[in-house]
Amino acid sequence: MGTWIDISQPLDEKVAVWPGDTPFSYKVNWSKEESGSVNVGQITMSIHTGTHIDAPFHFDNEGKRVIELDLNLYIGSARVVYLPNYTSIGVGEISGIDLNGITRLLIRTDAWKDRRVFPQTIPHLQPALAAYLSELGVRLIGLDLPSVDPLDSKELLAHHELASHGIHILEGLVLDDVLPGDYELIALPLPLVEADGSPVRAVLKK
Ligand SMILES: Nc1ccccc1C(=O)C[C@H](N)C(=O)O
Ligand SMILES: [Zn+2]
Ligand SMILES: [Zn+2]
């Protein structure tokens, strides 16, 4: 008890990338031999790769950028719930689970089986879940999936409904070995001033 566990996807060239989006790359751009002192690396990636948060600017031109988001959303108590085998998750699917007093909700679906391959289809969040969760006090929702909407959605109804109810989005978690229950979460975004999202190192402690 009391040790932090990593619930983040490793970032290397094998990480699954949204179809058509920028591949991940890391390279030593200035080697120790060249610089005379140090290896200096460079990363290139889409922000929506691996474990990351969405800022509202991702889906709303008037929405907040990463730097404007309240850090307190991404640190603190979180409840993990297990909802496997659904094609979508809405009030009906979640209403049997006690969420009273929960600020941060992490949903383990186990639906993204091989995380090295971008999924064909995922369970999505039903937009009406946003109002239900915000009524309970939820401010952050995290999933073990690359999106909260269907992968082919252009309207991104769940993204918009969550944002309009003050619920922030954390995607691409690794919850394979995480049992339902209460934890401490840290999943801090980088201080990216203009960005539409940020990779995070997400960790949990019982
Ligand atoms: N990277 C993309 C490239 C093209 C189109 C969508 C995406 C997304 O990332 C959308 C997804 N719903 C997301 O928020 O992570
Ligand atoms: Zn995203
Ligand atoms: Zn998203």
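These numbers come from the heavy atoms of this one structure, side chains and all, not from hydrogens, waters or symmetry mates. The chain is numbered in sequence order, starting from 1. Not measured: the values here are computed from a predicted model. For ligands, and for the atoms within them, numbers begin at 1 and follow the listed sequence.
- For atom 12 (N) of ligand 1, the closest non-hydrogen atom of the protein is S147 OG, 2.8 Å.
- For atom 15 (O) of ligand 1, the closest non-hydrogen atom on the protein side is E171 OE1, 2.8 Å.
- Within ligand 1, counting atoms from 1 as listed, the ones closer than 4.0 Å to a heavy atom of P146 are 13 (C), 15 (O).
- Taking a 6.0 Å sphere around CG of D114, one finds it holds more than 12 heavy atoms contributed by other residues, nucleotides or ligands.
- By the 6.0 Å contact criterion, CD on E194 is open, its count of non-hydrogen atoms from other residues, nucleotides or ligands being 12 or less.
- The shortest N/O to N/O separation between W18 and ligand 1 does not fall below 3.5 Å.
- Of the heavy atoms in S153, none comes closer than 4.0 Å to ligand 1.
- Listing protein N, O or S atoms at distances below 2.8 Å from the Zn ion (ligand 2), with waters left out, gives H48 ND1, H52 NE2, D54 OD1, E171 OE1.
- Checked by distance only, ligand 1 and S46 stay at 3.5 Å or farther apart across all their nitrogen or oxygen atoms.
- Given atom 1 (N) of ligand 1, the protein heavy atom at minimum distance is D21 OD2, 2.8 Å.
- Inspection of the D196 and H48 side chains reveals an N or O donor paired with an N or O acceptor under 3.5 Å.
- Looking only at side-chain heavy atoms (C-beta outward), P119 and K113 stay at 4.5 Å or farther from each other.
- The protein atom (non-hydrogen) at minimum distance from atom 9 (O) of ligand 1 is H48 CB, 3.3 Å.
- None of R79, K206, R104, K205 except one satisfies the salt bridge (charged side-chain N to carboxylate O under 4.0 Å, His left out) rule with D182; the exception is R79.
- H165 contributes atom NE2, which lies 10.5 Å from atom CG of L129 (distance to the nearest 0.5 angstrom).
- Shortest non-hydrogen contact noted between I97 and L83 is CD1-CD2, 3.6 Å.
- Close approach of ligand 1 to H52 is summarised as follows: ligand atoms under 4.0 Å from at least one heavy atom of the residue are 15 (O).
- Two residues are said to be in side-chain contact when any heavy atoms from C-beta on lie closer than 4.5 Å; I122 and L151 meet this criterion.
- The pair D70-R139 does not count as a salt bridge, with every side-chain nitrogen at least 4.0 angstrom from each carboxylate oxygen.
- Using a cut-off of 4.0 Å between Lys/Arg side-chain N and Asp/Glu carboxylate O, R108 and D177 are scored as not salt-bridged.
- Counting protein heavy atoms only, atom 14 (O) of ligand 1 is closest to H58 NE2, 2.7 Å.
- In this model, a donor atom of one side chain and an acceptor atom of the other lie less than 3.5 Å apart for S8 and D6.
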